[in-house]
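Everything numeric here is computed off the predicted structure, so don't read it as measured data. All residue numbers in this chain count up from 1 along the given sequence. For ligands, and for the atoms within them, numbers begin at 1 and follow the listed sequence.
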Amino acid sequence: MLEYQAKSDALQGKIILVTGAGDGIGKTAAITFARHGALVVLLGKTVSKLEAVYDEIEASGGPKPAIVPLDMKGATEQNYKDMAETIAEQFGKLDGLLHNASLLGVLGPFEHMDMGAFNDVMQVNVTAQAMMTKALLPVMKLAEKPSIVFTSSGVGRQGRSYWGAYAISKFATEGMMQVLAHEFDGTHLRVNSINPGATRTSMRANAYPAENPATLKTPADIMPTYLYLMTDDSAEVNGQAFNAQ
Ligand code: NAP
């Protein structure tokens, strides 16, 4: 676990987009970033969940967030371009991008893999993140010390039987992080990845239904790494694969 404590105003003035901000780790990350002063752009599939996060941030006195309802399974390159334009118009820059939304898909033997489900996982976990990053790079470059954070997994660093599309998509995520980090090396933009480790969310419960969730770290427990990568304390860190636990 990273021993990092961010100052309470460490993200003051920053605009940070979080995907999958309505639930699990993304929800806690959005609330945590807002608590440290960031104006968060909440992107997700289920509007009611995003609204609940919005209300929680507003009630706690954080900067008024923005909501982007978007299903990354069906979204087109044009949708991401339009979103980037809106962010540029409204805020003039984007300081942080947390790629957090992911699909677990169907776990099971490779031989039985459903290629429709495979494509859905690749679309949400890889293609959508590539399109979104491509569209947002121009507005991120306008920020002083922009940070892109991808979300990986243990199975994105070492393959494991039965983890099929999800594991393959997380290897692609690490690859995307490395390509971008190399391309922007020596510039003011940095790109890193986080493996959250086993964390108490509905995705984890779906993958391990027999596990007692009480034995797991909560999203709040793993926030130090997320905060570190969004604050200027990590401005010189690029191309690194972090473990939040
Ligand atoms: P989660 O509780 O299932 O939350 C996933 C979030 O992604 C939800 O807010 C969901 O929105 C959103 N999402 C899913 N499909 C989407 C789509 N098509 N378009 C837009 N948003 C979509 O998962 P989590 O456990 O917090 O996972 C967060 C990240 O950590 C993921 O990248 C996951 O792979 C990674 N991770 C988690 C663990 C763990 O133990 N939890 C371990 C390793 C890696 P809706 O709620 O609206 O569907």
Among all the protein's non-hydrogen atoms, which is closest to [atom], and how far away is it?
atom: atom 8 (C) of ligand 1; value: Asp23 CB, 3.9 Å
atom: atom 34 (O) of ligand 1; value: Tyr166 OH, 2.5 Å
atom: atom 22 (C) of ligand 1; value: Ala101 CB, 3.8 Å
atom: atom 40 (O) of ligand 1; value: Thr199 N, 2.8 Å
atom: atom 24 (P) of ligand 1; value: Thr201 OG1, 3.6 Å
atom: atom 48 (O) of ligand 1; value: Lys45 NZ, 3.1 Å
atom: atom 26 (O) of ligand 1; value: Ile25 N, 2.8 Å
atom: atom 2 (O) of ligand 1; value: Ser202 OG, 3.5 Å

[X] near ligand 1 by a heavy-atom separation under 4.0 Å:
X: Gly156; value: no
X: Ser152; value: yes
X: Lys170; value: yes

Check: [X] N/O within less than 3.5 Å of ligand 1 N/O:
X: Met72; result: yes
X: Ser153; result: no
X: Asp71; result: yes
X: Leu43; result: no
X: Gly20; result: yes
X: Asn100; result: yes

Numbered atoms and elements of ligand 1 in range of [X], under 4.0 angstrom, heavy atoms:
X: Lys73; value: 18 (N)
X: Ala198; value: 40 (O)
X: Thr151; value: 29 (C), 30 (O), 32 (O), 35 (C)
X: Gly197; value: 38 (C), 39 (C), 40 (O), 42 (C)

side-chain contact (heavy atoms from CB on, under 4.5 Å) against Asp9, all qualifying residues, sequence neighbours excluded: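 side-chain contact (heavy atoms from CB on, under 4.5 Å) check on Asp9 returns Lys7, Gln12.
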Cluster check [X], [Y]: I/L/V/M/F/W/Y, side chain < 4.5 angstrom:
X: Leu70; Y: Leu50; value: no
X: Met176; Y: Leu136; value: yes
X: Val18; Y: Leu137; value: no
X: Leu94; Y: Leu42; value: no

Heavy-atom neighbours of His182 NE2 exceed 12 at 6.0 Å: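 At most 12 heavy atoms, drawn from other residues, nucleotides or ligands, come within 6.0 Å of this atom.
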Can you check which of [options] brings a heavy atom nearest to [atom]?
atom: atom 1 (P) of ligand 1; options: Met203, Gln129, Gln245; answer: Met203
atom: atom 5 (C) of ligand 1; options: Ser102, Ala75, Pro69, Ala244; answer: Ser102
atom: atom 20 (C) of ligand 1; options: Leu70, Val53, Thr19; answer: Leu70

Would you mind telling me if ligand 1 is within reach of the side chain of [X], the backbone, both or neither, using heavy atoms under 4.0 Å?
X: Lys49; result: side chain
X: Thr46; result: both
X: Pro196; result: side chain
X: Val124; result: side chain
X: Ala128; result: neither

Hydrophobic cluster of Leu107, others only, ordered by chain and residue number, side-chain cut-off 4.5 Å: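 Members alongside Leu107: Leu104, Val155, Trp163, Tyr166, Met203, Tyr208.
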Glu144/Lys93 ion pair, N-O < 4.0 Å: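 A salt bridge is absent here (no side-chain N lies under 4.0 Å from a carboxylate O).
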NZ/NE/NH1/NH2 to OD/OE distance under 4.0 Å, Asp23 and Lys49: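 Yes, charged N to carboxylate O under 4.0 Å.
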Just by distance, with hydrogens left out, do [X] and [Y] show a side-chain donor and acceptor under 3.5 Å apart?
X: Asn119; Y: Gln123; answer: no
X: Thr215; Y: Asn212; answer: no
X: His99; Y: Thr133; answer: yes
X: Asp185; Y: Asn238; answer: yes
X: Arg190; Y: Ser234; answer: yes
X: Tyr4; Y: Asp233; answer: yes

Distance flag for atom 16 (C) of ligand 1, protein heavy atom under 4.0 Å: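 Yes, at least one protein heavy atom sits under 4.0 Å from atom 16 (C) of ligand 1.
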Closest non-hydrogen atom pair, Gln245 against Gly197: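 Taking Gln245 first and Gly197 second, the nearest heavy atoms are NE2-C, 3.5 Å.
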Which atom of Ala75 lies closest to which atom of Asn79, heavy atoms considered: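 Smallest interatomic distance, heavy atoms only, reads CA-OD1, 3.3 Å.
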